[in-house]
Amino acid sequence: MVAVDGPAGAGKSTVARQLADQLGFLYLDTGAMYRALSYKALRRGVDLRDEAALAELLADTVVELYPASEGRVRVILDGQDVTDSLRSPEINASVAVVAGFASVRTEMVARQRELARHGGVVMDGRDIGTFVLPHADVKFYLTASLDARAERRYRELVKMGFDVGLDRIRDEIQHRDMLDSSRPYAPLSMAPDAVPIDTTDLEVEEVMAQMLEICRRRLS
Ligand code: DC
């Protein structure tokens, strides 16, 4: 089992996906699970500050993650493919609130552990090495400067056709970092036994090379 944690825009999903592909493991994007719940809550008009309502909604929600071409993941929410709807600015702005509630996290973590039960997974998120899979064979903690992370998210959103400003993205990421790091329950933090990688000035290939080498050593 490989855990990949770090703040928004550090490049986790790109490298976790490729790493899973190279190792022949399953890639599990835990952020997508929180995003899917946020999507459903927004669609249903559920108050995002209402923890009990969100927990109830989650109890009645099935989120499935399926491998797709090029190492991508398709997210199926209650039988419907919502993959292309989960990275909108609206969800970016609300998901950290949803992910902040203990009762939501407890249920999500139980589901994530179940998905990883048979091993052979690369799981990316915020609390994987510290909380979800504390016994993972390899743990990585990816970081990058706020500017680099904002730039990456900006390019991603523009490519998807959203009309957004870089400054706003930077503010949103900073706000999300703050929410993710300061929540009382399983906040974003680096596991003491994680390998830190600062991706600010690295190409994806360089990050991948470092990670693969460490995985091959530790997983053999
Ligand atoms: O990685 P991402 O941007 O798709 O994550 C979306 C949000 O979900 C982000 O605000 C942090 C939260 N999250 C979390 O709290 N724990 C996880 N394991 C994964 C994501």
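For reference, positions follow the sequence shown, starting with 1. Atoms within a ligand are numbered from 1 in the order they appear, just like the ligands themselves.
- Under the 4.0 Å criterion applied to side-chain N and carboxylate O atoms, Arg216 and Glu213 are not assigned as salt-bridge partners.
- Checked against a 3.5 angstrom limit, the closest N/O atoms of Arg176 and ligand 1 fall inside it.
- Ion pairing between a basic and an acidic side chain is recognised when a charged N comes within 4.0 Å of a carboxylate O; Arg17 and Asp29 show no such pairing.
- Close N/O approach between Thr30 and ligand 1 is found [any backbone or side-chain N/O within under 3.5 Å].
- Nearest protein neighbour of atom 20 (C) of ligand 1, counting heavy atoms only, is Gly31 CA, 3.6 Å.
- Between Asp177 and Arg126 there is no salt bridge, since no side-chain N of the basic residue sits under 4.0 Å from a carboxylate O of the acidic one.
- Remark: ligand 1 atoms within the under-4.0 Å shell around heavy atoms of Ala99 are 12 (C), 15 (O).
- Distances shorter than 4.0 angstrom occur between a heavy atom of Arg105 and an atom of ligand 1.
- Within the 4.0 Å heavy-atom criterion, neither part of Ala8 lies near ligand 1.
- Set against the non-hydrogen atoms of Arg183, the atoms of ligand 1 under 4.0 Å away are 14 (C), 15 (O).
- Annotation: cation-pi pair Arg113/Phe131 present, NZ/CZ under 6.0 Å from the ring centroid and within 45° of its normal.
- An N or O contact shorter than 3.5 Å is missing between Asp124 and ligand 1 by distance.
- Contact of the Leu42 side chain with the Ile91 side chain is registered, since non-hydrogen atoms from C-beta on lie closer than 4.5 Å.
- Protein heavy atom at the shortest distance from atom 3 (O) of ligand 1 is Arg35 NH2, 2.9 Å.
- Side-chain polar atoms of Asn92 and Arg35 form a donor-acceptor pair below 3.5 angstrom.
- The residues Glu107 and Arg111 are annotated as salt-bridged, a charged nitrogen and a carboxylate oxygen being separated by less than 4.0 angstrom.
- Within the 4.0 Å heavy-atom cutoff, Gln112 does not count among the residues contacting ligand 1.
- Nearest-heavy-atom check against atom 1 (O) of ligand 1 across Arg153, Met108, Arg126 picks out Arg126.
- Listed by number with element, the atoms of ligand 1 under 4.0 Å from a non-hydrogen atom of Ala96 are 10 (O).
- A salt bridge between Lys139 and Asp193 is present, with a side-chain N of the basic residue lying under 4.0 Å from a carboxylate O of the acidic one.
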